[in-house]
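First comes the structure, then the notes that go with it.
Proteins come first, then strands; the chains are lettered A, B, ... in the order of their sequence lines, and each starts at number 1. Only a predicted model underlies this, so the values are computations on that prediction, with no experimental measurement involved.
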Amino acid sequence: MDLPIVNYSKSEYIETDTGNKVSRKSVICGSQNIILGGKTILQTGSVIRGDLRRTGAGHAVVVSVGRYCFLSQGCVIRPPCKTYKGVFSYYPMKIGDHVTIGEGTIVQAATIGSFVKIGKNCVIGRFAIIKDCCRIEDNTVIPPNSVVPSFSVYKGSPGKLVDELPESIQDIYEAQTKDRYSKFVPSRD
Amino acid sequence: MMSRPNLKISPRALVCQDNELRGEIYVGAGTVLHPQCKVWATGGAIIFGSGNIVEENAVIINRGPEALIIGDNNVFEVGSVMEGMKMGNRNTLEVKSHVKVGTWLGDECVIGTVCSTNENEILPDRTVIYGSKNDRRIFSGNRTNQLSVHQRHLDYLMQILPKFNHARSSN
């Protein structure tokens with residue numbers, strides 16, 4: 001699988017010390033509560049809500065994203081909320097390494113494992129748990145509080161198991177995300 | 001040409017900056033507009049009651065000549081689109097739902113995730129639209145629990161959002 005080289009204008013993206021590439025046109029609320037693991041790309045129009053933090057004093061990590069993740073245009077990462085013991089709060093969200101999130105997808109999951117590929121225009125419901133090595137097809141709706149097991153392919157509204165993935169998928173997704181990162185380069189001018 | 005929006009915001013409402021507001025907009029007490037939401041009153045005014053929540057990427061458009069009146073305690077979740085004529089109280093538009101042009105919403109309706117209404121439809125109170133085929137039914141339970149959760153959600157947002165976002169006020 002060969003991905004094309006994607007050029008971006010150097011003025012649009014900020015590159016951090018750890019190699020994260022963050023578009024200036026993305027919206028990051030409460031940046032002190034967000035961790036990007038390194039070599040993660042945040043494209044134009046993506047939204048990360050780090051401001052919806054757990055109540056209580058002290059420092060809190062709201063959204064932690066692993067390495068080699070790719071957040072496409074217009075996707076929304078927002079922590080899930082619920083009332084627990086009569087107190088309403090938002091809860092932290094964790095995204096693993098080598099995760100691709102498609103355009104226009106809205107994620108309110110509790111955790112997303114590593115080596116996960118989520119298609120375009122999906123909705124991942126509140127407190128959903130997506131395990132390692134999964135694929136969510138385009139336009140899928142994963143209902144709140146559901147669990148997507150490892151090596152599965154989910155599709156539809158509500159999302160149902162349609163296929164399984166081979167064990168080699170971990171290496172494939174790892175190679176793909178690394179390839180994509182290396183081919184996401186600033187344009188010459 | 002974008003003219004400055006004409007905003008009338010209650011001192012007890014919370015309207016974040018970096019959102020797109022156009023035209024004449026009235027925001028009632030206790031209503032929360034998250035950053036990145038779009039409220040376009042390109043035709044008549046848009047009038048929010050009290051205790052509404054409009055999350056990011058939600059779009060509320062009024063193209064018609066008359067004012068769009070939105071009741072109290074409604075929730076517009078991420079990516080929902082509201083183009084209807086009127087909205088009652090305590091409705092929920094879930095993620096990526098779409099209320100089409102000319103729709104009237106009663107009270108306590110729920111438009112499910114990725115569901116949409118038909119154009120020029122009148123939804124009676126407590127209608128729930130769900131599933132991939134936009135099935136409908138009338139909700140028979142009671143929503144008192146939902147209301148208390150909504151109230152707590154509002155209290156939380158009022159407390160937390162101003163710490164991280166700048167708020168707008170009337171002009």
Side-chain angles (χ1 to χ4, degrees), chain A residues 25-34 45-57 60 62 74-91 103-108 120-126 128 138-144 155-160, chain B residues 14 16-20 32-38 53 55-59 75-81 92-98 110-116 129-135 145-167:
Chain A
K25 288 176 189 156
S26 64
V27 179
I28 296 177
C29 304
S31 51
Q32 63 268 54
N33 300 329
I34 298 170
S46 52
V47 179
I48 301 189
R49 295 298 301 266
D51 52 342
L52 303 172
R53 64 190 289 260
R54 217 167 155 169
T55 40
V62 177
C75 70
V76 178
I77 311 290
R78 96 198 297 270
C81 59
K82 68 172 175 185
T83 47
Y84 177 65
K85 292 186 177 166
V87 181
F88 183 93
S89 187
Y90 279 81
Y91 289 84
E103 288 156 32
T105 288
I106 294 163
V107 181
Q108 293 185 286
K120 292 176 194 167
N121 297 316
C122 296
V123 178
I124 313 294
R126 292 192 180 105
D138 294 353
N139 307 313
T140 303
V141 177
I142 302 291
K155 192 181 180 179
S157 166
K160 290 195 177 89
Chain B
L14 177 61
C16 293
Q17 272 178 356
D18 356 296
N19 46 16
E20 255 184 70
V32 177
L33 270 71
H34 280 257
Q36 295 303 309
C37 66
K38 296 187 179 79
I53 300 175
E55 296 184 345
E56 64 269 24
N57 292 4
V59 184
V75 185
F76 301 82
E77 290 190 10
V78 188
S80 59
V81 180
T92 305
L93 304 192
E94 289 189 358
V95 179
K96 282 183 187 256
S97 61
H98 190 170
V110 178
I111 316 295
T113 308
V114 208
C115 291
S116 71
I129 301 185
Y130 63 97
S132 53
K133 296 192 184 73
N134 294 328
D135 296 322
N145 186 31
Q146 192 68 34
L147 264 183
S148 76
V149 170
H150 183 79
Q151 196 50 50
R152 291 201 189 111
H153 194 169
L154 278 173
D155 293 345
Y156 169 90
L157 292 174
M158 285 290 181
Q159 192 194 342
I160 296 287
L161 279 187
K163 291 183 187 167
F164 295 95
N165 298 284
H166 298 286

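Within the 4.5 angstrom heavy-atom criterion, only side-chain atoms of B/E77, from C-beta onward, approach chain A. With a threshold of 4.5 angstrom between heavy atoms, B/V149 approaches chain A through its backbone and through its side chain.
Put simply, the side chain of B/E56 does not reach to within 4.5 Å of the side chain of A/V27, judged on heavy atoms. A/C29 places a side-chain heavy atom less than 4.5 Å from the side chain of B/N165. Between B/F164 and A/N33 the shortest side-chain heavy-atom distance falls below 4.5 Å. When side chains are defined from C-beta on, A/R49 does not count as touching B/V78, because their heavy atoms never get closer than 4.5 Å.
Distance check: B/I160 CD1 to A/D51 CG gives 9.0 Å after rounding to the nearest 0.5 Å. With values rounded to the nearest 0.5 angstrom, A/N139 atom CG is found 12.0 Å from B/S132 atom OG.
Listed options B/K163, B/H34, B/E94 were ranked by heavy-atom pairs under 4.5 angstrom with chain A; first place goes to B/H34. Counting heavy-atom pairs closer than 4.5 Å to chain B, the top-ranked of the candidates A/T83, A/V123, A/V87, A/V47 is A/V123.
Of all heavy-atom pairs between B/H153 and A/C81, the closest is CE1-SG, 4.4 Å. Across every non-hydrogen atom of A/G104 and B/K96, the tightest pair is O-NZ, 2.7 Å. Nearest heavy-atom pair, A/L52 versus B/Y156, reported as atom, atom and distance to 0.1 Å: C-OH, 3.3 Å.
Surrounding NZ of A/K82 are more than 12 heavy atoms belonging to other residues, nucleotides or ligands, all under 6.0 Å away.
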>> Quick one, B/Q36 with A/V76, criterion side-chain contact (heavy atoms from CB on, under 4.5 Å). Give me CA distance, side-chain angles, the key distance, then yes/no.
In response: CA-CA 11 Å; B/Q36 295 303 309; A/V76 178; over 6 Å; no

